[in-house]
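Please see the structure below; I have some questions.
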Protein chains: 2
Amino acid sequence: MTVPKVTPIAKPPRAARKETLAEPASVAGELMMGELAQLLGYALKRAQLRVFEDFLQCVAPVQLTPAQFSVLLLLDNNPGRNQTEIAATLGILRPNFVAMLDALESRGLCQRTRSSNDRRSHILMLTDHGRATLMRAKKLVATRHEARLSELLGEDNRVALLAMLAKIAREF
Amino acid sequence: MTVPKVTPIAKPPRAARKETLAEPASVAGELMMGELAQLLGYALKRAQLRVFEDFLQCVAPVQLTPAQFSVLLLLDNNPGRNQTEIAATLGILRPNFVAMLDALESRGLCQRTRSSNDRRSHILMLTDHGRATLMRAKKLVATRHEARLSELLGEDNRVALLAMLAKIAREF
DNA sequence: TATTGTTATACTCTATAACTATA
DNA sequence: TATAGTTATAGAGTATAACAATA
């Protein structure tokens with residue numbers, strides 16, 4: 001799969017007129033970011049932290065972290081799967097998934113049921129409350145979070161960004 | 001600052017011909033990602049993990065983590081700054097920066113010197129070995145890491161991606 | 001013998017309070 | 001009194017080994 005083509009328009013403004021003396025490495029206030037400003041990994045990390053921070057804030061009314069939201073979403077879209085399958089899909093290690101599920105289940109958002117086919121595995125399902133909470137969360141994410149991102153970048157750019165990130169995760 | 005305009009070209013391929021029966025939620029192998037596939041935060045996190053993983057691998061010859069690399073870069077571009085300034089610029093909390101510097105200094109990559117102006121603060125500088133190591137690391141990053149990212153996305157897209165990520169970190 | 005869920009554990013990151021030495 | 005560096009500490013997130021129940 002290819003990524004939407006991008007037409008650069010806004011080149012970095014040519015060196016602002018040097019006022020008086022050639023200025024040294026920095027203005028004693030701002031530090032020089034140097035090559036860091038071109039490092040994709042650095043920009044990626046910074047953006048990710050900011051986006052998660054905003055997500056948390058937007059979804060605060062239903063008290064869900066990004067990770068918890070992703071679990072509920074996956075349970076809703078894949079009812080009847082077991083812990084290993086859900087965890088693996090999200091890149092969560094099975095041992096670490098136990099406490100996560102404990103938290104969600106103790107809040108009455110999802111339910112573990114022993115499978116009758118394979119009595120080793122736990123079938124996972126959202127409860128009604130879990131479904132309702134997820135719906136509320138989805139609306140909050142769409143209207144408060146993603147909408148503002150789309151506004152910031154422009155919808156076409158948001159889609160292109162998503163495509164590039166997915167491509168990196170998949171093919172890099 | 002605005003972001004380079006993007007012209008989408010590759011829309012998601014229209015629903016592949018449904019072969020026989022309408023297929024259920026999943027094929028019992030692949031899970032349905034559902035709305036997760038559209039969540040920018042999720043894509044951001046996944047891409048960031050992959051990029052850091054690759055960074056680590058590419059820079060393995062000089063044994064630097066992304067965070068350590070960013071510190072050395074900043075020291076090189078801003079000699080004579082103190083711990084508070086460097087840490088704050090990178091979003092590292094001062095208490096957590098102490099152990100990081102201990103590690104770099106014990107490897108002979110940088111040096112703390114008490115400032116003669118303000119004897120509370122430590123002036124930070126790269127050692128010759130630190131500078132040499134940074135140069136090696138920069139070459140590894142450029143030729144092994146960033147070059148492959150540029151190859152994957154296309155250079156124009158890579159630049160557009162960087163601009164959007166920076167914009168999110170700055171303005172979102 | 002292999003797999004599912006689990007426990008225990010450890011290591012990294014991140015976050016806060018409080019200490020010391022300077023200012 | 002405020003600030004720089006530091007210590008201690010606690011909490012997430014992530015990683016591995018090993019166990020009981022089941023296949």
Side-chain angles (χ1 to χ4, degrees), chain A residues 28-29 31 41-42 44-46 48-53 55-56 63-71 75 78 80-106 110-125, chain B residues 29 31 41-42 44-46 48-53 55-57 63-71 75 78 80-106 110-125:
Chain A
L31 292 233
Y42 183 75
L44 220 30
K45 180 73 175 189
R46 274 301 175 79
Q48 185 260 309
L49 288 174
R50 180 67 198 96
V51 167
F52 268 43
E53 184 180 54
F55 181 99
L56 235 14
Q63 285 284 97
L64 289 177
T65 65
Q68 291 175 321
F69 179 73
S70 71
V71 170
L75 294 188
N78 306 273
R81 295 291 192 155
N82 68 25
Q83 296 184 196
T84 297
E85 292 170 315
I86 299 292
T89 303
L90 292 173
I92 302 171
L93 292 171
R94 274 73 65 195
N96 298 334
F97 194 48
V98 173
M100 263 196 85
L101 269 188
D102 288 348
L104 293 174
E105 197 173 17
S106 73
C110 68
Q111 214 179 354
R112 287 184 248 223
T113 320
R114 285 227 102 87
S115 166
S116 43
N117 305 332
D118 183 341
R119 296 184 41 73
R120 288 172 302 182
S121 61
H122 289 168
I123 294 313
L124 299 178
M125 291 208 323
Chain B
L31 293 233
Y42 183 76
L44 220 28
K45 179 75 175 186
R46 274 302 176 80
Q48 185 259 308
L49 288 174
R50 180 67 198 97
V51 167
F52 269 43
E53 184 180 54
F55 182 100
L56 234 13
Q57 203 174 305
Q63 284 286 96
L64 290 177
T65 65
Q68 291 175 322
F69 179 73
S70 70
V71 170
L75 294 187
N78 305 274
R81 296 289 191 156
N82 67 26
Q83 297 184 196
T84 297
E85 293 170 315
I86 299 291
T89 302
L90 292 174
I92 301 171
L93 293 171
R94 274 72 64 194
N96 298 333
F97 194 50
V98 174
M100 264 195 84
L101 269 188
D102 287 347
L104 294 174
E105 197 174 17
S106 73
C110 69
Q111 213 178 354
R112 287 184 250 225
T113 320
R114 285 226 103 88
S115 166
S116 43
N117 305 331
D118 184 341
R119 296 184 40 72
R120 289 173 301 182
S121 61
H122 289 166
I123 294 311
L124 299 178
M125 290 208 325

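Any value given below was found using the heavy atoms of this structure, including those in side chains, with hydrogens, waters and symmetry copies removed. Lettering follows sequence order; numbering is per chain, from 1.
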*In whole Å, what is the span from the CE atom of B:Met100 to the P atom of C:dT14?*
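Those two atoms, CE and P, are 9 Å apart.
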*Between A:Leu49 and A:Ser121, name the one whose nearest nucleotide on DNA chain C is closer to the 5' end.*
A:Ser121
*A:Leu93 CG - C:dC11 C1' separation (whole Å)*: 14 Å
*Give the nucleotide from the list D:dT6, C:dT3, C:dA23 with an atom nearest to the side chain of B:His122.*
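Selected nucleotide: D:dT6.
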*Starting at CG of B:Asn96 and ending at P of D:dT9, how long is that distance when rounded to a whole Å?*
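B:Asn96 atom CG is separated from D:dT9 atom P by 15 Å.
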*Can you tell me how far C1' of C:dG5 sits from CD1 of A:Ile86, to the nearest Å?*
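Roughly 15 Å, once rounded to whole Å.
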*Nearest nucleotide by nearest heavy atom, which residue falls closer to the 5' end of DNA chain D, B:Val98 or A:Asn117?*
B:Val98
*Over how many whole Å does the gap from A:Phe97 atom CZ to D:dT16 atom P extend?*
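To the nearest whole Å, that distance equals 18 Å.
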*asked:* Is A:Arg112 close enough to C:dT6 that one of its side-chain N or O atoms is under 4.0 Å from OP1 or OP2 there?
replied: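 True: A:Arg112 side-chain N/O within range (under 4.0 Å) of C:dT6 OP1/OP2.
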*Between atom CG in B:Asn82 and atom C1' in C:dA23, what is the gap in whole Å?*
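Nearest whole value for this atom pair: 14 Å.
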*Is any side-chain nitrogen or oxygen of B:Thr84 closer than 4.0 Å to OP1 or OP2 of D:dG5?*
yes
*At under 4.0 Å between heavy atoms, what does A:Arg119 touch on the DNA or RNA strands: base, sugar-phosphate, or nothing?*
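Contact class for A:Arg119: sugar-phosphate only.
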*B:Asp102 near the nucleic acid: base, sugar-phosphate alone, or nothing, with a heavy-atom cut-off under 4.0 Å?*
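The answer is nothing, as B:Asp102 stays clear of every strand by at least 4.0 Å.
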*Say you draw a straight line from NZ of A:Lys45 to CZ of B:Phe55; how long is it, rounded to the nearest 0.5 Å?*
13.0 Å
*Expressed in angstrom and rounded to an integer, what is the separation of B:Ile92 atom CD1 from C:dA15 atom C1'?*
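After rounding, the reported distance stands at 14 Å.
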_Separation between CZ of A:Arg112 and CE of A:Met125, rounded to the nearest 0.5 Å_ = 14.0 Å
*Closest to the A:Pro95 side chain, choosing from D:dT22, C:dA8, D:dT6*: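 The answer is C:dA8, which lies nearest to the side chain.
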*Just call it for A:Asp118: base, sugar-phosphate, or nothing, with non-hydrogen atoms closer than 4.0 Å on any strand.*
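Answer is sugar-phosphate: A:Asp118 comes under 4.0 Å of backbone atoms only.
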*asked:* Output the rounded distance in Å from CD (A:Gln83) to P (C:dT3).
replied: 17 Å
_Within 6.0 angstrom of B:Arg119 CZ, more than 12 heavy atoms from elsewhere_ =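 At most 12 heavy atoms, drawn from other residues, nucleotides or ligands, come within 6.0 Å of this atom.
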*Which of these, A:Leu101, A:Asn82, A:Thr113, A:Leu104, sits in a side-chain contact (heavy atoms from CB on, under 4.5 Å) with A:Leu124?*
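Only one of A:Leu101, A:Asn82, A:Thr113, A:Leu104 forms a side-chain contact (heavy atoms from CB on, under 4.5 Å) with A:Leu124, namely A:Leu101.
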*Would you say A:Gln63 has more than 12 foreign heavy atoms packed within less than 6.0 Å of its CD?*
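No - once you tally the heavy atoms of other residues, nucleotides and ligands closer than 6.0 Å, there are 12 at most.
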